[in-house]
Amino acid sequence: MKFSWKIITTAIVIIVVIVAVGYYYYTTTIPAPPKPPIKIGIHVPLTGAVAWTGDLQAKGAILAAEEINNAGGVLGRNITLVIEDDEYKPETGVSVVEKMITRDKVDIVCGGISSPVCLAVMDVCATYKIPYISVGPSSDAITDKYLSNPDKYKGYFRLTPLSTEAYGRSWVVWLKEIINEGLWVPHTKKYAILVENTDFGRTNGKAFDDYMKKEMEGWTQVSFEIVSSTESNFYEVLTKIKAADPSVLLTVQTSAASCAALTKQFLEKDIKALFLSVFVASQGVYKEITGATATGVIWNINDAFVPKLLVGQPAAVEFNEKFKKRWGVEAIPNAISQYQSIYLIKVAYEKAGSTDPEAFIKAMETIDYTYVDRYVFEPGHYPKWGIGYRESTIAQIWEGKDYPLWPAEYAAKLGYKFRLPPWLQK
Amino acid sequence: MIELNGVNIIYILEQLYNGVFYGAMFSLCAVGFSFIWGTMGILNFAHGAFYMLGAYFTWWIFSLLGISPIVSLLFAIGIIFLIGVGLEKVLISPLIGKHEWEEKALVITLGLSVIFENSVLLIAGAEWRGIPYYIEGQINLFGINFNFQQMAILIASILIMITFWALLKFTMIGKALRATAQNKEAASLYGINVKKVYLLTYGLSCSLIAIAGGLLAPILYIYPTVGGHPFLMSFVIVIIGGLGSLKGSIFSGFLVGVLRSIGIALFSATWADMILFIIMIIILAVKPTGLFGVKR
Amino acid sequence: MSKPLNLKLLYTEHKWLTLAILGLTVLPIFLDTYFLHVLILAFIYSAVATCYDLCAGHAGIATFGQQAFLALGGYSSALVSMHLGVSPWLGLVIGGGTALAFGVLIGLPCLRLKGAYVSLVTLAFGFVTEYALLNWVELTRGPMGLWGIPALPPIQILSLEISFGIANKISNYYLILIILLILLLVKHKLVNSNFGLAITAMKESQEAAESLGVNTTKYKLLTFAISSFLTGVVGGFYAYYLQLLVPSLSDITVMIMILAMTFVGGIATLLGPVVGACILTFLTEVLRPIGPGRFVIYGVFIILSIFFLPGGLMSLKEKFKKAFRRPLAG
């Protein structure tokens with residue numbers, strides 16, 4: 001090939017032109033309003049495997065912003081949302097948050113579902129000294145990172161409680177309760193764990209394992225299987241688990257399709273164990289695609305939106321009605337969390353009296369905000385977990401409906417009790 | 001319980017059955033992929049997307065018309081065949097014979113897969129969809145539960161592979177296909193229209209993976225990125241079995257399935273995948289053309 | 001360089017080049033940090049695509065494992081800096097070295113083969129790499145991703161301290177620009193040397209090249225090794241720039257993207273991969289407001305450019321030349 005410097009230069013000139021045109025395009029499309037609004041950047045996945053959840057989460061934020069603006073805004077200023085698709089990828093997360101901060105000049109960043117994206121975004125926000133509130137990511141590694149340098153990451157807050165507590169301790173407390181009440185008599189003192197190969201799967205599987213070992217005397221773990229997050233064929237693993245004959249099977253997955261497949265195959269293999277699912281079985285879409293087969297499945301989520309809705313907690317009902325009216329679909333826990341995050345920001349700014357990041361962080365650290373959930377932050381910048389604060393819910397699916405069993409308050413109010421799943425009944 | 005030296009025979013048999021089932025599912029996925037390469041010499045990166053389309057069309061026809069999923073699958077196969085043929089005609093056929101056309105065709109199929117996945121995302125949304133089992137119910141033999149859907153998939157994929165093999169072996173079309181795969185120039189000298197053969201190859205391969213998509217939908221479910229896993233498995237199977245070999249894909253599919261189930265039974269799922277990869281590397285180091293691959 | 005640098009001569013001989021480099025040098029002044037970030041990502045992809053093109057375009061090695069070398073380079077650079085306290089500057093070289101070692105290891109058995117088999121072996125290597133990064137949790141933190149990677153330490157030029165880290169876009173921009181220019185220079189020198197003649201001959205016909213006495217395996221291995229090393233260095237830069245690595249860096253989707261970039265820009269051209277990488281990266285960013293539909297446009301763009309510009313965007317230059325010449329000739 002004959003090489004000509006002209007090629008290199010023409011190409012570079014082309015790049016420069018593209019860059020310049022793109023720059024012009026961006027700078028001219030953002031009008032300068034007379035009274036500057038408060039800008040909140042929201043990153044959620046809008047494409048890829050979790051696009052469905054991300055979309056509803058963004059809708060929660062839009063609803064909150066509209067309400068706040070109609071009621072006069074925050075500190076006399078309107079709220080403008082800048083919603084971007086993080087594609088569930090850390091590098092895209094960095095790109096879009098970088099864009100929000102430097103181009104859109106957002107005052108605060110919020111949102112997220114994926115923990116790796118959150119870890120990457122934490123650094124971007126820390127460098128620009130922009131506060132960051134993560135809504136969905138639940139890995140405890142995020143808090144580890146915060147604690148590794150609390151000064152650098154001081155603007156970071158998470159809305160999810162620590163997973164070890166929300167997904168580990170809650171299960172064990174509840175299992176003890178049903179055993180003590182005589183509602184369930186385990187036929188063996190063995191448990192098995194089957195998780196997907198993501199941080200979510202590994203962390204929550206381990207949290208459950210740790211609490212079982214610590215709290216449940218005489219119980220042994222017979223299997224800890226890690227499978228690909230896109231896997232839908234579990235026959236081999238389930239055959240193996242069946243041979244070990246556990247009384248409890250804990251599963252952690254994020255894909256409703258994988259979990260639905262697992263449930264079906266679990267039933268086909270006729271394993272005489274409780275089927276516990278972290279998070280995914282709580283999603284409406286799981287019940288839709290499994291239908292009646294899911295009767296008896298028990299799920300756990302680090303949020304109490306569903307039982308609050310069922311017991312008719314006014315705030316939860318009100319939110320669900322508003323959400324349905326605005327978007328035509330039922331709200332999901334991620335949507336209410338994202339909705340509340342916008343209000344948290346509003347309350348904190350009003351408490352601080354300005355949008356100054358330092359004042360905002362001070363305000364957040366001492367905030368006590370209640371709508372559907374009550375948010376009070378621990379020194380590690382994660383919310384207080386437990387009754388009356390950010391709660392977990394354990395519920396059982398029966399003929400396509402959710403029956404919350406824990407915390408006991410809700411279950412008692414609703415009159416629900418644990419029922420032996422069909423496959424355990426003689 | 002039948003035991004031999006402390007080992008539960010039933011358990012071993014059950015695991016082997018699981019492995020064979022796994023092999024049948026993904027052999028079916030791999031056959032079409034290997035077939036396109038064998039005949040046309042291109043890697044079809046839209047393979048996973050066609051799997052996804054097969055599943056979606058089955059589901060669409062099933063839920064819109066309310067007819068049996070088996071009938072909707074048949075319709076879906078027809079539609080996918082037409083789509084495959086149409087795309088080959090418009091996008092790949094004009095490239096044939098040009099400089100580096102195999103690579104360009106690869107990039108085209110790659111663009112197609114991006115378009116398909118995201119169009120479906122726009123049209124059908126990101127929700128997961130399910131199809132009921134084609135045949136409900138199960139039977140208990142020797143303490144093992146055999147469900148009918150699983151058996152149906154197993155039998156259907158074996159039948160499909162046999163039919164496909166017979167098609168290649170005994171029909172005129174099959175002879176033309178094989179002749180083209182062996183020597184394109186010689187085939188055209190004997191009056192075989194190579195472009196038509198390619199058209200048919202692409203259409204057939206797309207229908208094969210669409211059958212897999214519809215057939216496995218009750219187990220793997222349906223969502224825009226569902227094709228990723230079958231596509232990956234097709235790659236692994238074809239790497240072990242050898243490119244372009246029908247026999248290789250089928251054999252290596254079952255080999256992978258059985259090895260995987262043994263790996264899970266003896267160690268864990270993580271280790272089973274590791275063993276699979278190690279075997280893949282060993283085979284490639286010893287016989288880089290795969291078990292049944294031929295040098296071209 | 002053997003002869004002393006004569007700036008005046010450089011300007012008169014390579015006017016356009018000097019202007020272009022000058023343009024790229026002053027560019028950051030006009031850009032905000034977000035644009036710089038996208039440009040840095042575009043340059044990272046450009047660099048990887050250039051390495052891929054050296055293998056696939058010039059030497060005819062249809063590799064499918066560039067993503068594995070990128071990830072290996074990134075992880076090894078990050079790990080030696082995090083655990084052994086090695087300076088990230090040295091870490092870049094170690095990243096390259098690790099990729100090189102694996103490149104040779106993989107290259108040895110598979111480069112005797114032709115075409116698609118090389119693709120499959122390298123792709124298998126990509127799978128294994130991703131699998132190892134995902135499951136060797138003790139070392140790589142698995143699916144959580146490796147965080148806490150140090151940034152490149154500041155360098156002192158006279159009294160000016162230049163620091164790197166994710167916030168210092170301008171310094172990172174210049175660094176990746178320099179890496180990319182060095183890469184292009186290496187590629188240009190290689191392709192236009194005896195070595196380049198040999199590998200081009202090899203690509204056209206392996207048998208013919210062998211009969212002429214070209215040791216094809218040696219040349220292939222050498223090309224593959226150089227390409228792996230450079231990709232590893234870019235991986236190291238990626239790690240120190242983003243300060244976070246996830247196993248999906250070694251995913252086949254990364255390779256697919258690199259492949260599309262190279263072909264859209266023009267394979268076996270010096271600047272094709274760079275042009276392709278920049279255009280596709282900016283296309284996704286500019287189309288961002290459209291939402292998920294942007295990927296449909298992205299796919300259509302790839303197909304159209306392959307279909308109507310089989311030589312890639314770089315072949316536009318020739319078309320323009322023809323278009324301008326015709327009226328003169330007529």
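In the text below, chain A, chain B and the rest are named by the order of the sequence lines, each starting its count at 1. Values below: every heavy atom of this structure, side chains too, minus hydrogens, waters and symmetry copies.
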- Query: Only one of B:I237, B:V31, B:L28 clears side chain to side chain contact (heavy atoms under 4.5 Å, CB included) with B:I250; which?
  - Reply: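 Of B:I237, B:V31, B:L28, side chain to side chain contact (heavy atoms under 4.5 Å, CB included) with B:I250 is met by B:V31 alone.
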Could you tell me which portion of [X] (side chain, backbone, both or neither) has an atom closer than 4.5 angstrom to a non-hydrogen atom of chain B?
X      : value
C:F295 : both
C:I267 : side chain
C:I297 : neither

- Note on the structure: Hits for side chain to side chain donor-acceptor pair (under 3.5 Å) against B:S27, two or more places apart or cross-chain, chain-then-number order -> none
- Note on the structure: Most heavy-atom pairs under 4.5 Å with chain C, out of B:I278, B:D273, B:V286, B:V236, belong to B:D273
- Query: Parallel, tilted or perpendicular for B:F33 and B:F231, by the 30°/60° rule?
  - Reply: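 Taking B:F231 first and then B:F33, their aromatic rings stand perpendicular (interplane angle over 60°).
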- Name the orientation class of the two ring planes belonging to B:W60 and B:Y56 (parallel below 30°, tilted from 30 to 60°, perpendicular beyond 60°).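 The arrangement is tilted - the two ring planes meet at 30° to 60°.
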List, one per line, each side-chain donor-acceptor pair under 3.5 Å for residues 109-120 of chain B, sequence neighbours excluded.
from	atom 1	to	atom 2	distance (Å)
B:T109	OG1	B:F45	N	3.0
B:T109	OG1	B:L106	O	2.6
B:S113	OG	B:L110	O	3.0
B:N118	ND2	B:V114	O	2.9
B:S119	OG	B:I115	O	2.6

- Message: For the NZ atom on B:K89, are there more than 12 heavy atoms of other groups (residues, nucleotides or ligands in this structure) within a distance under 6.0 Å?
- Response: no
- Could you tell me which of C:L134, C:V128, C:T262 has the largest number of non-hydrogen atom pairs under 4.5 Å with chain B?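 It is C:V128.
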- Query: What part of B:L121 lies closer than 4.5 angstrom to a heavy atom of chain C: side chain, backbone, both or neither?
  - Reply: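 Only the side chain of B:L121 comes within 4.5 Å of chain C.
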- Task: Below 4.5 Å from any heavy atom of chain C, which atoms of B:L91 appear? Answer side chain, backbone, both or neither.
- Result: both
